[in-house]
Amino acid sequence: MTLSGLQCLRCGQKYSPVLDAGLCPTCGPGDGTADPGVLEVQYDYRQVTDVVDHSSAGIFRYRSLLPVSQAGPILPTGDTPLIPAPRLARRLGLARLYLKDERRSATQCLKDRATAIGITLAAGQKRRDLYCASAGNAAISLAGYCAHAGFSAHVFVPFDASPVRLGWLKRFGAEVIVSSGNYDQAFAESEAVGAAAGWYNRNCAFNPYLVEGKKTVAFEIAEQLAWTPPDWVVAPVGDGCTLGAIGKGFRELVAVGRTETAPHLLGVQAEGMQPMVRRFSGASGEESGDTAAASIKVRYPRNALRLLKELKAAGGMMLGVGERAISEAQRTLAEDCGVLAEFTSATTIAGLERLATYESLTGKTAVAVITGGRVD
Ligand SMILES: Cc1ncc(COP(=O)(O)O)c(C=O)c1O
Ligand SMILES: [Zn+2]
């Protein structure tokens, strides 16, 4: 661990890296029109001599670039396969396509990488109650890891959370608070109740250390490709934490001299709810549509500043895709790759199809992050 500080992505203020940090005290949580003052974790990259610690396991193999150096009481996390998808690559006109298979994570979702850091930090502070808001995946991840550690998970879900996801939460023994509103309302409720109760915050947009766990997926992709990053990495975008984290991970590999280049980032949203697509293209207007991609049905992305910073650094872009295109991509993933992805994760393939209409993908390598495998 070479942690050196925290910096607000909104006002630029620097802070010392206290382990229970949240948002920038000056900027606060924002209000839907103003962005929250999210903090970025910084390291002294000159001190990183080897990115991989071969004596550690899972995400802690990259502990020199994590905010904690030893795993707490966590389920094994990381080490998911990179699946070559030659048939789908041909269909998309790519030289190579790989699927980073986060379905193989402990609770079937990339969210586990953030939860692993949250559980480790909470345990280090002797805190055994953790909370988050989620359409399902982050909540299930927290619930599963808490069940394993003997901790308590308090999860806030939207009124329309799927019965499948509620079933998982029940089985893991979480306290489930069903909001009368959407994800954005559940998020606000979680912050009010969680802060008042003094629970540990597992909301990835507000706890700056959690994206550090998510960025390990970038380290793994790079290592699995023998430190030659792909041309494009594609992920679905909700709050923006996941793709923002992936961008940070690749950027740090260049900063420490482990790779020479970083991939372009492609963020994908459903056309029915695409605030980041609008924002990236400078369009105004409110989101008024809907999507079956429940995990990314986010009206006010809370980590927009982080994602915008990484998109800019990586020469990335945001694209929206329609419901039918997502549905067809989900079927293609199953029929051409043997991969049953959740609806949200199939946006990656629909996004690559759309990208091909803007950019030549001939000779290019892409990685689609199959963020989750829970089929509702
Ligand atoms: C399966 C899946 N993919 C992608 C995302 C998007 O992640 P983020 O909200 O960090 O942008 C989520 C979570 O919200 C998710 O559950
Ligand atoms: Zn600030």
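Both counts, for ligands and for their atoms, begin at 1 and track the order of listing.
- Atoms of ligand 1 found under 4.0 Å from any heavy atom of I296 (numbered from 1 in listed order, with element): 5 (C), 6 (C).
- At under 3.5 Å, not a single nitrogen or oxygen of C109, backbone or side chain, sits near a nitrogen or oxygen of ligand 1.
- Remark: ligand 1 and C241 share an N or O pair separated by less than 3.5 Å (distance only, no angle test).
- Contact between R374 and ligand 1 is absent, with no heavy atom of the residue lying under 4.0 Å from the ligand.
- No more than 12 heavy atoms of other residues, nucleotides or ligands lie within 6.0 Å of CZ in R171, so this atom counts as exposed by the packing criterion.
- Cation-pi contact between R127 and W199: absent, since separation from the ring centre below 6.0 Å together with deviation from the ring axis within 45° is not met.
- Protein heavy atom in closest approach to atom 7 (O) of ligand 1: T242 OG1, 2.9 Å.
- Taking every non-hydrogen atom of V237 and a distance limit under 4.0 Å, the qualifying atoms of ligand 1 come out as 11 (O).
- Counting non-hydrogen atoms of other residues, nucleotides and ligands closer than 6.0 Å to CD of E260 gives a total of 12 or fewer.
- The angle subtended at the Zn ion (ligand 2) by SG of C8 and SG of C24 is 110°, given to the nearest 10°.
- Figure legend: R302 and F206 shown without cation-pi pairing, the cationic atom not lying both under 6.0 angstrom from the six-membered ring centre and within 45 degrees of its axis.
- Comparing E342, K111, R306 by heavy-atom distance to atom 14 (O) of ligand 1, the nearest is K111.
- What sits closest to atom 15 (C) of ligand 1 on the protein, heavy atoms only, is S295 CB, 3.5 Å.
- Residue G238 has at least one N or O atom closer than 3.5 Å to an N or O atom of ligand 1.
- Side-chain contact of E191 with N201: a donor-acceptor pair under 3.5 Å is present, judged by distance alone.
- F219 pairs in a side chain to side chain contact (heavy atoms under 4.5 Å, CB included) with only one of the listed residues (E252, R61, Q224), which is E252.
- Side-chain contact of S105 with T80: a donor-acceptor pair under 3.5 Å is absent, judged by distance alone.
- If you take CD on E40 and CG on L6, they are separated by 9.5 Å, rounding to the nearest 0.5 Å.
- Residues Y183 and Y300 keep their aromatic ring centres 6.0 Å or farther apart.
- By the 6.0 Å contact criterion, CD on E175 is enclosed, its count of non-hydrogen atoms from other residues, nucleotides or ligands being greater than 12.
- Seen from the Zn ion (ligand 2), atom SG on C27 and atom SG on C11 lie at an angle near 110° (rounded to 10 degrees).
- Among protein heavy atoms, atom 3 (N) of ligand 1 sits closest to T371 OG1, 2.7 Å.
- At the top of the distance list for atom 9 (O) of ligand 1, counting protein heavy atoms only, stands D239 N, 2.8 Å.
- Taking 4.0 Å as the cut-off, K214 counts as a neighbour of ligand 1 on heavy-atom distance.
- Shortest contact from atom 16 (O) of ligand 1 to any protein heavy atom: N137 ND2, 2.8 Å.
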